[in-house]
Every structure is written in structure tokens, then in C-alpha cells.
Amino acid sequence: AEAAGRRLLAEISAVGAASQKGDLRHVVLRSSMGVRALEAVRGATAVADADVLALARMGGEEAVRAIANAEEALATAAGDRVGTTVIRLGALTDDAGGVPLAFSSDDRQLRDRIADASMGEGSAAEPPLVSRNDAARLLGDVVRQGLPTLDHKTFDAAWADKFGS
């Protein structure tokens with residue numbers, strides 16, 4: 001996670017340089033669910049079990065912290081000169097995809113899944129999922145059709161838990 005975080009921060013640094021020159025109009029960052037849960041535990045004297053579970057399901061606090069740092073660095077590098085869209089995905093899978101996606105914000109899908117499991121209505125062991133193929137399709141759709149509507153927006157995306165009903 002540390003090496004990937006450094007690599008991502010280096011790429012974001014290049015965003016800052018390109019934005020200074022006026023060479024860049026928009027950046028789409030593929031992020032991860034769990035960032036809101038991390039914000040809830042930062043500096044807290046009492047931490048909700050659901051937030052701890054949310055971080056664990058998304059790779060652990062260190063991995064989510066690296067992602068949160070990248071989001072903050074992008075906001076700083078882009079400033080008002082470059083548009084940004086942050087897409088916080090569920091855990092990536094190698095499945096073929098083609099599953100309908102559900103959208104939310106503030107880790108709602110992740111938190112709902114943990115709450116459902118605590119009431120015996122699902123498995124807390126598995127976070128919201130999305131295939132790499134579906135994630136790539138979504139990112140392409142955002143670039144082709146979502147701009148400028150999604151400028152300076154952050155949203156979550158993962159497979160819909162229930163579809164076809």
C-alpha cells in the first residue's frame with residue numbers, strides 16, 4: 001500500500017505541474033470506499049465498531065489512509081484551475097462484470113452492508129464489490145458523458161446488491 005501510495009502521489013504531483021501550465025482541464029481519480037469511515041475515526045476518542053469494520057473490509061486503515069491522502073493531494077494540486085471527479089469504488093474483483101451498478105456517497109453502501117450483517121441480514125465479511133471491467137466501463141462513461149456535470153463531485157459505486165427484481 002505504501003509503494004502504491006507514493007506512486008499515486010507522484011502522479012498527482014504531475015497534475016499540479018500541468019495545471020499550472022494550463023495543459024489540463026479535468027482529472028478523474030479512481031478511489032476507494034472507506035474514506036468517510038477513516039474520517040470518522042481520525043482523532044475520535046470513541047470509535048464506532050461499524051467504522052472499524054468498514055476500514056477492515058476495504059483493506060485496512062493504512063490502505064484507506066493512502067487513498068485519502070491521494071484525494072487530499074489531488075484537491076490541492078488541482079485547485080480551482082482543474083476539474084476533478086473522485087469515484088470511490090467498492091472492492092475490485094476479477095469477475096467478468098456486466099452487473100448493474102449502484103451509486104451513493106459517504107460510504108453508504110459499505111456502512112449499510114455492515115449494518116445489515118450486524119442484524120443477521122448478510123455477510124459483513126464481504127465489502128461492496130465491483131469488477132475491474134465494470135469499474136473501467138464506469139470511468140470511461142464518466143469521461144465520455146459525465147463531464148462537466150460531475151465536475152468537483154465525489155461518489156461511491158459498486159455492484160447493486162439486488163437487481164432484476
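Only this structure's heavy atoms are used, side chains among them; waters, hydrogens and symmetry mates stay out.
Looking only at distances, a side-chain donor or acceptor of Asn133 sits under 3.5 Å from a matching main-chain atom of Ala96. The closest donor-acceptor contact from the side chain of Asp23 to the backbone of Ala18 lies at 3.5 Å or more, if one exists at all.
The side chain to side chain donor-acceptor pair (under 3.5 Å) pairs that include a residue from residues 94-105 are Thr93-Asp95, Asp94-Arg132, Ser104-Gln109, where partners are two or more places apart or lie in different chains. Residue pairs meeting the ring pair (Phe, Tyr, Trp, His ring centres under 6.0 Å) criterion with at least one partner in residues 68-102, sequence neighbours excluded, do not occur; the list is empty. Evaluation of the ring pair (Phe, Tyr, Trp, His ring centres under 6.0 Å) test over residues 69-93, restricted to residues two or more places apart or in two chains, returns none. Within the structure, no pair that satisfies the ring pair (Phe, Tyr, Trp, His ring centres under 6.0 Å) test touches residues 126-150, not counting sequence neighbours. Counting only residues at least two apart or in different chains, side chain to side chain donor-acceptor pair (under 3.5 Å) contacts with residues 8-21 comprise Ser19-Arg81. The list of ring pair (Phe, Tyr, Trp, His ring centres under 6.0 Å) pairs with a residue in residues 94-113, not counting sequence neighbours, reads Phe103-Phe155. The side chain to side chain donor-acceptor pair (under 3.5 Å) pairs that include a residue from residues 147-159 are Asp134-Trp159, where partners are two or more places apart or lie in different chains.
For the atom pair Leu38 CG and Met33 CE, the distance stands at 15.5 Å (nearest 0.5 Å). If you take CG on Asp116 and CG on Asp112, they are separated by 6.0 Å, rounding to the nearest 0.5 Å. Here the CZ atom belonging to Arg36 is positioned 4.0 Å from the CG atom belonging to Asp106, to the nearest 0.5 angstrom.
Residue Asp80 qualifies as open at atom CG: its count of foreign heavy atoms under 6.0 Å is 12 or below.
There is a path of hydrophobic side-chain contacts, each under 4.5 Å, that joins Leu53 to Val35. No path of Ile, Leu, Val, Met, Phe, Trp and Tyr side chains, each step under 4.5 Å between heavy atoms, connects Val27 with Val143, placing them in separate hydrophobic clusters. Under the 4.5 Å side-chain heavy-atom criterion for ILVMFWY residues, a single connected hydrophobic cluster contains both Val142 and Val130. Linking Ile, Leu, Val, Met, Phe, Trp and Tyr residues whenever their side-chain heavy atoms come within less than 4.5 Å leaves Leu138 and Val86 in two separate clusters. Placement of Leu74 and Val82 within a single hydrophobic cluster is found when ILVMFWY residues are connected by side-chain heavy-atom separations under 4.5 Å, directly or transitively.
Remark: Arg30 engages Leu89, Leu92, Leu139 in a side chain to side chain contact (heavy atoms under 4.5 Å, CB included) (not counting sequence neighbours). With sequence neighbours excluded, the residues satisfying side chain to side chain contact (heavy atoms under 4.5 Å, CB included) with Ala73 are Leu9, Ile12. For Thr85, the side chain to side chain donor-acceptor pair (under 3.5 Å) partners two or more places apart in sequence, or in a different chain, are His26. Partners of Arg25 under the salt bridge (charged side-chain N to carboxylate O under 4.0 Å, His left out) rule, at least two apart in sequence or in another chain, do not exist in this structure.
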* **Residues Asp161, Arg113; criterion side chain to side chain contact (heavy atoms under 4.5 Å, CB included); working and verdict** => CA-CA 9 Å; Asp161 282 336; Arg113 185 169 287 230; 2.3 Å; yes
* Test salt bridge (charged side-chain N to carboxylate O under 4.0 Å, His left out) applied to Arg88 and Glu71, step by step -> CA-CA 10 Å; Arg88 294 177 177 163; Glu71 287 187 20; 2.5 Å; yes
* **side chain to side chain contact (heavy atoms under 4.5 Å, CB included) evaluation trace for Leu24 with Val15** => CA-CA 8 Å; Leu24 195 60; Val15 167; 3.8 Å; yes
In a table with atom names and distances, give each donor-acceptor pair under 3.5 Å that connects a side chain of residues 63-70 to protein atoms at least two apart or in another chain.
from: Arg65; atom 1: NH2; to: Glu61; atom 2: OE2; distance (Å): 2.5
from: Asn69; atom 1: ND2; to: Arg65; atom 2: O; distance (Å): 3.4

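Residues Val41 and Leu55 form a side-chain contact, since some pair of their non-hydrogen atoms from C-beta on lies under 4.5 Å apart.
When every heavy atom of Leu110 is checked against every heavy atom of Pro127, the shortest pair comes out as CD1-CB, 4.3 Å.
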